Structure formats: structure tokens, C-alpha cells
Amino acid sequence: MAYENILVETHGKVGVIVLNRPKALNALSKGLTRELAQALDSFEANDDIGAIVLTGSEKAFAAGADIKEMASKSYMDVYMEDFITVDWERASTCRKPVIAAVSGYALGGGCELAMMCDFILAAENAKFGQPEITIGTMPGAGGSQRLTRFVGKSKAMEMCLTGRMMDAAEAERAGLVSRVVPVDDLKDEAIKTASKIADLSLPVVMMTKEAVNRAFETTLGEGLRFERRLFHSTFATEDQKEGMAAFVEKRQPDFKNK
Ligand code: HXC
């Protein structure tokens with residue numbers, strides 16, 4: 001498929017999506033988000049892909065929703081088209097793991113998109129922020145909700161109310177990102193991490209992802225019961241038999257995604 005706003009690559013079992021609107025710092029236009037959703041659909045449907053990396057350029061993961069495209073929209077426009085719902089949310093509904101590899105700016109919708117992924121690897125130059133308030137609007141794709149769950153109320157509130165950016169070191173301390181790596185290593189490190197996941201049992205990876213995500217949405221008791229049911233169900237897979245047999249036999253497992 002020919003895309004105009006993204007690049008799509010495969011590295012073994014890893015699908016890589018590179019946001020590619022350099023002139024607009026990867027601002028998330030309608031065209032870009034449509035293509036992003038299509039690329040995620042296609043990797044999700046591809047049995048040869050076990051994990052996905054979403055990244056941008058060195059200067060910007062994404063500088064937010066496209067302000068020029070949004071500026072003149074009316075309330076009726078955004079309400080009737082359900083602005084930012086369908087394509088934007090695709091990253092959060094993908095059943096395969098999606099790693100955000102963030103270098104440079106991840107602002108507004110860009111920060112929100114990164115937070116929709118399963119975890120964020122940051123380059124040392126990464127900058128996260130929710131500056132919508134400085135242009136007369138507010139987060140609309142989860143910034144006020146996901147950021148608060150990631151970094152707590154005080155930091156999230158300050159960022160959403162002032163638009164202050166957080167650098168990579170602060171983001172790591174606050175728990176927004178899983179790790180910080182040198183800029184030049186970011187893509188390789190993300191692909192290496194995704195490959196490690198893609199070599200595991202896909203059904204068990206998907207169940208694990210579901211269980212961790214459930215922690216954001218439910219009580220501890222319900223979450224623990226959900227986890228226990230999924231844990232039990234891994235024993236119905238051939239991959240659990242293979243994984244444990246390989247450990248006992250001191251060899252590498254050969255998972256079949258069954
Ligand atoms: C459209 C954008 C853009 C954006 C940058 N550009 N961000 N175009 N939408 N969000 C364009 C600029 O207009 C410019 O194009 C080019 O990219 C380079 O940007 P500069 O500003 O010249 O670069 P620099 O001086 O390095 O500053 C970088 C920056 C700044 C600090 C990231 O661009 C910036 O503040 N951008 C906006 C960030 C923001 O407010 N994001 C939140 C958007 S609202 P031209 O052709 O003019 O030179 C949002 C809503 C989310 O995300 C809610 C629902 C999803």
C-alpha cells in the first residue's frame with residue numbers, strides 16, 4: 001500500500017510505522033491518522049508480525065493534532081465527524097503490542113498517541129507535553145486521563161494547565177516512559193525490544209497485555225480475578241507446554257502461537 005504520511009517497514013517479525021510529515025513535525029492530520037490506522041490494521045491482520053513499533057523523526061514523534069487543519073472547525077464540525085475518535089484510537093485498540101519510540105517532541109495529540117501505545121521508549125532528547133491550553137483548547141485524546149494515571153495528579157495537572165514540557169529524564173522518573181536511550185540508538189533499541197516480544201508466544205503476549213491494561217480500568221480485586229483466569233487459560237496453550245519443557249530440557253523454546 002502506498003502511503004503519503006507514514007513509512008512502513010518490517011524487520012523480521014516486527015512491523016515499524018514511521019510518522020513522516022517532516023515539514024509539519026509530524027502533526028497528526030486527518031490523512032496521517034487514517035494511514036496510521038490502516039497500517040495498524042494491516043500489521044494486526046498479518047500473522048507474520050508479532051509486535052509493532054511506532055516512531056517519528058529525530059526532531060519530532062508528533063507535535064500534536066494538525067492545528068492548521070483544526071483551526072477553523074466549528075463545534076458542529078467536530079461533533080458530527082466525532083473528531084479524533086475512530087482513527088486516533090486505533091493504537092489503543094490494537095491487540096498486538098505497540099511500542100512508541102519517541103525522539104524529540106511528543107506534544108498534545110502526539111503525547112496522547114504515545115500514551116495509547118503499550119509502553120514508551122524515549123530518546124534522550126524527547127520532550128512530552130500537553131500544550132493545548134496555550135492555543136485555547138485542551139487535551140482531547142486522553143491527555144487529561146492517561147497522563148494523570150501515568151504521572152499522578154500534580155504533575156499531570158501542572159502540565160495540562162501550563163503546557164510545560166517534560167524532558168526524557170523527568171518522564172522516566174515520573175513513570176511516563178519505560179527507559180531512556182541515546183537518540184541514535186532509539187529505533188534499533190525499539191526494534192530489538194519488539195523482536196524479543198515477537199519471538200514469544202503471541203497468544204500469551206496478548207493475554208498479558210490485556211491483563212496489564214485491565215489494571216487501568218478496574219478495581220484491584222476484579223483485576224486480580226481477571227489475571228488469574230487468563231493465567232489459568234495459558235495452560236490450555238501448546239506454547240505453555242513448549243516453554244516449560246524447553247526450560248526443563250535446557251533449550252530455547254520454539255513457540256507456535258498455539
Ligand atoms: C500543524 C505544525 C504543528 C501542529 C508544528 N507545525 N506543529 N503544524 N500542527 N501541531 C509546523 C509549523 O507550523 C511549521 O510549519 C513547522 O511545523 C515547523 O514548526 P516550527 O514551529 O517552525 O518549529 P520550532 O520552532 O522548532 O518549534 C517546534 C514546536 C512548535 C515547539 C513543536 O512547532 C509548536 O509549538 N508546535 C505546536 C505544538 C502544539 O501546540 N501541539 C498541540 C496541538 S493541539 P510552517 O510551514 O508554518 O513553517 C492538539 C490537540 C489534541 O494536539 C487533542 C486531540 C487530539
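Bear in mind that the values here come from a model prediction, so they are computed numbers and not experimental data. Counting starts at 1 for both ligands and their atoms, following the listed order.
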Location of contacts on [X] toward ligand 1, heavy atoms closer than 4.0 Å:
X: Glu69; result: neither
X: Ala63; result: both
X: Pro131; result: side chain
X: Thr137; result: neither
X: Ile84; result: side chain

Find all atoms of ligand 1 within a distance of less than 4.0 Å from any non-hydrogen atom belonging to [X], and give their numbers and elements.
X: Gly64; value: 52 (O)
X: Trp88; value: 55 (C)
X: Ala141; value: 54 (C), 55 (C)
X: Ala65; value: 4 (C), 9 (N), 10 (N), 43 (C), 49 (C), 50 (C), 52 (O)

[X] bridged to [Y] by N-O distance under 4.0 Å:
X: Arg164; Y: Glu158; answer: yes
X: Glu189; Y: Lys192; answer: yes
X: Glu222; Y: Arg225; answer: yes
X: Glu242; Y: Arg251; answer: yes
X: Arg21; Y: Glu35; answer: no

Closer than 4.0 Å and a protein heavy atom, does any atom meet both conditions relative to [atom]?
atom: atom 40 (O) of ligand 1; answer: yes
atom: atom 30 (C) of ligand 1; answer: no
atom: atom 46 (O) of ligand 1; answer: yes

Can you tell me which residue pairs pass the salt bridge (Lys or Arg N to Asp or Glu O under 4.0 Å) test with a partner in residues 137-152, sequence neighbours excluded?
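Qualifying pairs, neighbours excluded: none.
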
Quick check: closest heavy atoms across Ser178 and Leu121, and the distance to 0.1 Å?
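Closest pair (atom of Ser178, atom of Leu121, distance): OG-CD2, 3.5 Å.
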
Taking all heavy atoms of Pro139 and all of Cys160, pick out the closest pair and write down the distance.
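It is CG-SG, 4.0 Å.
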
Output yes when the distance from some N or O of ligand 1 to some N or O of [X] is under 3.5 Å, and no in every other case.
X: Glu112; value: no
X: Met138; value: no
X: Gly108; value: no

Note the single closest protein heavy atom to [atom], along with its residue, its atom name and the distance in Å.
atom: atom 6 (N) of ligand 1; answer: Ala24 O, 3.7 Å
atom: atom 9 (N) of ligand 1; answer: Ile67 N, 2.9 Å
atom: atom 12 (C) of ligand 1; answer: Lys68 NZ, 4.1 Å
atom: atom 16 (C) of ligand 1; answer: Lys23 O, 3.2 Å
atom: atom 34 (C) of ligand 1; answer: Leu107 CD1, 4.8 Å
atom: atom 20 (P) of ligand 1; answer: Leu25 CD1, 4.5 Å
atom: atom 53 (C) of ligand 1; answer: Gly140 N, 3.4 Å
atom: atom 51 (C) of ligand 1; answer: Glu132 OE2, 3.4 Å

Honestly curious: do Tyr105 and Val183 fall in one hydrophobic cluster under the side-chain, below-4.5 Å linking rule?
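No, no single cluster joins them.
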
Below 4.0 Å from ligand 1: does a non-hydrogen atom of Lys59 turn up there or not?
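Contact present.
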
Look at ligand 1 and say whether Phe83 reaches it with a heavy atom at a distance under 4.0 Å.
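Outside the 4.0 Å threshold, so no.
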
Would a 4.5 Å heavy-atom cut-off, applied to side chains only, mark [X] and [Y] as touching?
X: Val98; Y: Ile17; value: no
X: Val16; Y: His11; value: yes
X: Phe128; Y: Met115; value: no

Quick check for you: to the nearest 0.5 Å, what is the distance between Ile52 atom CD1 and Thr10 atom OG1?
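Rounded to the nearest 0.5 Å, the CD1-OG1 separation comes out at 12.0 Å.
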
Say you draw a straight line from CG of Asp188 to OG1 of Thr193; how long is it, rounded to the nearest 0.5 Å?
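Asp188 CG to Thr193 OG1: 10.5 Å, rounded to 0.5 Å.
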
Which option wins on minimum heavy-atom distance to atom 44 (S) of ligand 1: Ile135, Ile133, Thr33, Asn26?
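Checking each option, the heavy atom nearest atom 44 (S) of ligand 1 is found in Ile135.
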
Cation-pi check, Lys73 onto Phe83 ring (under 6.0 Å, within 45° of axis)
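Yes; both conditions hold, so Lys73 lies above the ring face of Phe83.
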
